[in-house]
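Computed from a predicted model, the values in this text were never measured in an experiment. Each ligand, and each atom within it, is numbered from 1 in the order the structure gives.
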Amino acid sequence: MTTAKNPIIAGFYPDPSICGVGEDYYLVNSTFSYFPGIPIMHSKDLVHWEQIGNVLDRPSQLPLEKGQHSQGIFAPAIRYHEGVFYVICTNETSGGNFIVTAEDPAGPWSEPSYLEGADGIDPTIFFDEDGKVYYIGTHPIVEGRQYDGECHIWIQELDLTNKKLVGEPKDVWSGSMRFVHWPEGPHLYRRDGYYYMLLAEGGTERNHSVTMCRSRSIWGPYENHFCNPILTHRHLGKDYPVQCVGHGDLVETPSGDWYMVMLAMRPIDGYTTLGRETFLARVVWENGWPVVNPGVGRLTEEVEVNLKEWKPERQATVDKRAYHFGEMDRLGYEFVYLRNPEQNRYRLCPGKGLKLQYSTYTLMENTSPTFVGIRQQHHCFRADTVVYADSISRGQETGIVLLQSNAYYLRTALTRGTDEEMILSVYLCQDLEEKLIAEQVLADVREELTISLEVRGLAAGVKVTCGKTETDVAQEIAIHSLSTEIAGGFVGCTVGMYAISAEETEKGAIYKDFIYQTTKCC
Ligand code: 6LW
């Protein structure tokens, strides 16, 4: 037995899908307008997870140009069949539903095959025992729709050799309850002669849920499970610490135990800055239907997993990440950029640091500003960056940013005043409007400066250190607007560094270190 701690993957890791291959488990998540797309995690015990790559790591696989922050990659599903891994998902910015394949889940993954005729979102693949393969997805009802979010789950046969839908599509299910919103995120499983369909209902917010139906034939009719939803937290009230539980996927271990991964949120005082995270639950089958966390019926902080403990080399969620860029020959898989970054704007300079070439694109645009970061994984954390002062000239600005979207972020901006002086400003952007929160003139500038962002739940503070002098620049900045509840969208915050300049230049801000660590929460 091993004990998992929920969330099993903390921070912005929504819409989890999982598959098991022997003793190995692989898990993928949505990434929207971040690049690379779809982190792929590996585990042998469902408790410890290690990122082994990104499914979409080439621009040719992931056109994101001009897409809105919460467009791009929606809800991938991962499946394995006869030596091949399949990921199927939607690019809401460009191209729609597509499949990529790989023999090694760490990559390389193929170019996308876009599926003509596959409308809607949240596709998954099902391999039947007779060798047939099916596409299952959700699409809104267009004609005769009675309300927004009225959708059908639909199925069509898939010719995997030619990556084409074949035969006729059929709408097979529209959710377990009358007038239900957003029946979506379906996955299909075969068990004891039934086709079981797991899906999400109620929308990804507070009414989210996991439901199930089943049929003897893949084409239906599907029978509702009268105990639906099999998992939700919507009846627990707004103050329950874990909310929005839904969008699950099931996996069976070699010894016949079942587990479910799903997304959930952890708001603080009603605001969620971490986005939707990946959680785990135990599942048992009773009378032909699954029971989630028997005896409890909701998500728990800990989950006993009936697998041998396994220790990955690098864990997906860690309390401290220290990057000394001058000593690194590549950035880890956890680093993300916005949309389609020009890779030559990001250079690791041996012995020195990470050079971020200034760009004229600001963080507010739906372009690819110079930005690189990692996900915020803890409610309370501190991020310190060490930057070389001489890499910042007049007209250029750089610093740490806590980014919810292009419309909502908190950034520190280091700029040059006179030759000796520098200025550290703090801006909060809300609804595409930047407000100056604080400004500090730094007279005694040395070779290196440390900019520190400290987040405690819904408040942030900024400090700057030059030599031995540490200065508080801002304290108790209210950042509750960097939340799903106010900023909206499907994302959580990332924290990283950016570089903006008034004019095009070859120059870049050079960062020596970036240290992210969790701190004691209040
Ligand atoms: C996902 C869908 C959803 O594709 O959010 O609200 C989308 N529902 O299931 C993005 O995560």
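- For the side chain to side chain donor-acceptor pair (under 3.5 Å) test, no residue two or more places apart in sequence or in another chain qualifies with T273.
- Judged by distance alone, with hydrogens and angles left aside, the side-chain atoms of Y147 form a donor-acceptor pair with the main-chain N or O of F179 at under 3.5 Å.
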Taking distance alone, no hydrogens or angles, what donor-acceptor pairs closer than 3.5 Å link side-chain atoms of residues 193-202 to residues at least two apart or in another chain?
| from | atom 1 | to | atom 2 | distance (Å) |
| --- | --- | --- | --- | --- |
| Y194 | OH | R214 | NH2 | 3.4 |
| Y194 | OH | R216 | NH2 | 3.3 |
| Y195 | OH | D128 | OD1 | 3.3 |
| Y195 | OH | D128 | OD2 | 2.6 |
| Y195 | OH | R190 | NH1 | 3.0 |
| Y196 | OH | R214 | NH1 | 3.3 |
| Y196 | OH | G288 | O | 2.5 |
| E201 | OE1 | S176 | N | 3.4 |
| E201 | OE1 | S176 | OG | 3.0 |
| E201 | OE2 | S176 | N | 2.7 |
| E201 | OE2 | S176 | OG | 3.3 |
| E201 | OE2 | T211 | OG1 | 2.7 |

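- Aromatic ring pairs are classed by plane angle as parallel below 30°, tilted from 30° to 60° and perpendicular above 60°; the pair F514 and F335 is tilted.
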Please set out all donor-acceptor pairs under 3.5 angstrom arising from side-chain atoms of residues 64-75, sequence neighbours excluded.
| from | atom 1 | to | atom 2 | distance (Å) |
| --- | --- | --- | --- | --- |
| H69 | NE2 | Q404 | O | 3.1 |
| S70 | OG | F490 | N | 2.8 |
| Q71 | OE1 | Q68 | N | 2.9 |

Do any nitrogen or oxygen atoms of ligand 1 lie under 3.5 Å from a protein nitrogen or oxygen, and which ones?
| from | atom 1 | to | atom 2 | distance (Å) |
| --- | --- | --- | --- | --- |
| ligand 1 | 4 (O) | D122 | OD1 | 2.5 |
| ligand 1 | 6 (O) | E184 | OE2 | 3.0 |
| ligand 1 | 8 (N) | E184 | OE1 | 3.2 |
| ligand 1 | 8 (N) | E184 | OE2 | 2.5 |
| ligand 1 | 9 (O) | D122 | OD2 | 2.6 |
| ligand 1 | 9 (O) | E184 | OE2 | 3.4 |
| ligand 1 | 9 (O) | H247 | ND1 | 3.2 |
| ligand 1 | 11 (O) | D15 | OD1 | 3.3 |
| ligand 1 | 11 (O) | D15 | OD2 | 2.4 |
| ligand 1 | 11 (O) | R276 | NH1 | 3.2 |
| ligand 1 | 11 (O) | R276 | NH2 | 2.7 |

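- Between E116 and K164 no salt bridge is recorded (no basic side-chain N to carboxylate O distance below 4.0 Å).
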